[in-house]
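To start, the structure under review is shown below, and the notes come after it.
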Amino acid sequence: MSTTTGRAPIVEARDIHKHFGHLHVLKGVDLRVVEKELVFLIGPSGSGKSTLLRCLNRLEEPSSGSVTVDGIDMLDPKTDINKARQRIGMVFQSFNLYPHMTALGNVMLALRKVLGLGRAEAEAKAQAALDRVHLADRADHYPLQLSGGQQQRVAIARAIALEPRVMLFDEPTSALDPELVGGVLAVMRELREDGMTMVVVSHEMGFAKAAADRVVFMADGMIVESGLPAEIFADPKHERTRAFISQIERH
Amino acid sequence: MTGWERFTDSFFNARVMAQYLPKIIDGFGLTVVLALCIIAAGLALGLLLALVRTFSIRPLNWLIIFVVDLFRALPPLVIIVLLYFGLPNAGVELSGFVASWLALTLVLMAFSEEIFWAGITSVAKGQWEAARSTGLGFVQTLGFVVLPQALRITIPPLTNRTIAITKGTALASVVAVPDILGAANAGVSFSFNPSPLTLGAIAYLVLFFPVVVLGRWIETRFAWKR
């Protein structure tokens, strides 16, 4: 983790536990993400990586532990959670665009209702966000008129329009046809080049190798190891990591 | 007189029809007013209860479910009769019109609450999560994201149910309301000829056929843009 010292942490999760009934899905996880860092969370399904991600913006309530994002204690009952979430963009596996609104309408909603911007200003910002994901010409299309890749890019625009301090990606390409993955990854890479802090849960190992600052391997609700992509992929320390990497690489 | 002549004389007697047409038209107007009052109040109350239910306040939800199940289980005619003949014993005198309106409003409220609630719960959890992740609050998410989608889903069952229950306005004739059926029945009694009933049937068609077509139009109008 030598690359991460010296810079201010944007996300700091400590000793996160999460129980779903009898299931103990997170067993004391620590995660620290510094400014402009791209952290990749990998691991077998059921390892708790998506749950961890969802604990960071409190879509999931951790059973115990602490989460601080951009200096705000996310779990403090006194924290205005809606205000805190403006600083945390999230992109979902299933896009979750609002089907009754155009692409522009999807991006504008939070600008209008959360930031309270006027129509003209919100529209300009939304249009700029769509431009960043290369869909300026699709502004008046409804989600069902767009391909999966385009829908996911609109979802990214919806999140970045709020100018978040950190972006969370929950398997952003898993629901996409293979030929549509590239466009979404290209947009993510551009975001990274613009200096966005990102936490990504994904199986896109090629993207992780090329773009991640750090790869965190999780299994059974715990972080097994974490390090530079080169270390994790070429020379994993733990047997579990090695088994997982070789299994993934075979596909 | 042949059978056919007897039939037309009974059900399509022009003289009787002309005589009772004005009464049927009055009844038509009254049925329209009664139906509109039921639809407005019933749907508004149903939606209100469904919205209150989304806040997941346990005792309140139990109460809503109890009330809704009660009015879905009771036959509308029984409710009308109870309100009209029962409430005076408790010192509340309702006119036949008000008793019918109140009874059918409560029934439409109960059924529409269930339909609205089903619509709201059928909106994918991901829609809530996406909206909340951008900082929208619970009420904002409900109002701007979930409800518009829920309402679209509910249009077909809601139209059906609304038509079925507003047709129940005919029950008002039991408590002396001169609606379409009431006026037609009175006509039959005075003329000893069932032709006014034919007029009544035509009046109901004129009233509800456009509603059915309107329901269809709304359904297509609000389908997702593809």
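The sequence lines fix the lettering, A, B, ..., with proteins before strands; numbering per chain opens at 1. As the structure is a prediction and not an experimental result, all values here were calculated from the model.
The parts of Tyr98(A) that come within reach of chain B are both its backbone and its side chain, each placing non-hydrogen atoms under 4.5 angstrom from that chain. For a residue to count as touching a neighbouring chain, one of its non-hydrogen atoms must lie under 4.5 Å from one of that chain's; by this rule Ile88(A) touches chain B with the backbone only. If you measure heavy-atom distances from Gln140(B) to chain A, the contacts under 4.5 Å come from the side chain alone.
Using non-hydrogen atoms only and a strict 4.5 Å limit, the part of residues 108-131 of chain A facing chain B consists of Leu109(A), Ala110(A), Lys113(A), Val114(A). Taking 4.5 Å as the heavy-atom cut-off, the residues of residues 43-65 of chain A that approach chain B are Arg54(A), Asn57(A), Leu59(A), ordered by number.
Under the salt bridge (Lys or Arg N to Asp or Glu O under 4.0 Å) criterion, Arg138(A) pairs with no residue, sequence neighbours left out.
Atom CZ of Arg216(B) is surrounded by 12 or fewer heavy atoms from other residues, nucleotides or ligands within 6.0 Å. Within 6.0 Å of atom NZ in Lys23(B), 12 or fewer heavy atoms from other residues, nucleotides or ligands are found, so the atom counts as exposed in its surroundings.
Nearest heavy-atom pair, Asn82(A) versus Arg132(B), reported as atom, atom and distance to 0.1 Å: OD1-NH2, 3.3 Å. The two residues Phe92(A) and Ala130(B) have their closest heavy-atom pair at CE1-CA, 3.5 Å.
For residues 128-182 of chain B, the set of pairs meeting the ring-ring contact (aromatic ring centres under 6.0 Å, His included) definition, not counting sequence neighbours, comprises Phe55(B)-Phe138(B), Trp128(B)-Phe138(B).
Between the Gln127(B) side chain and the Leu97(A) main chain, a donor and an acceptor come within less than 3.5 Å of each other.
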query = side chain to side chain contact (heavy atoms under 4.5 Å, CB included) between Arg158(A) and Thr134(B): does it pass, once the steps are laid out?
reply = CA-CA 8 Å; Arg158(A) 177 172 66 181; Thr134(B) 62; 4.2 Å; yes
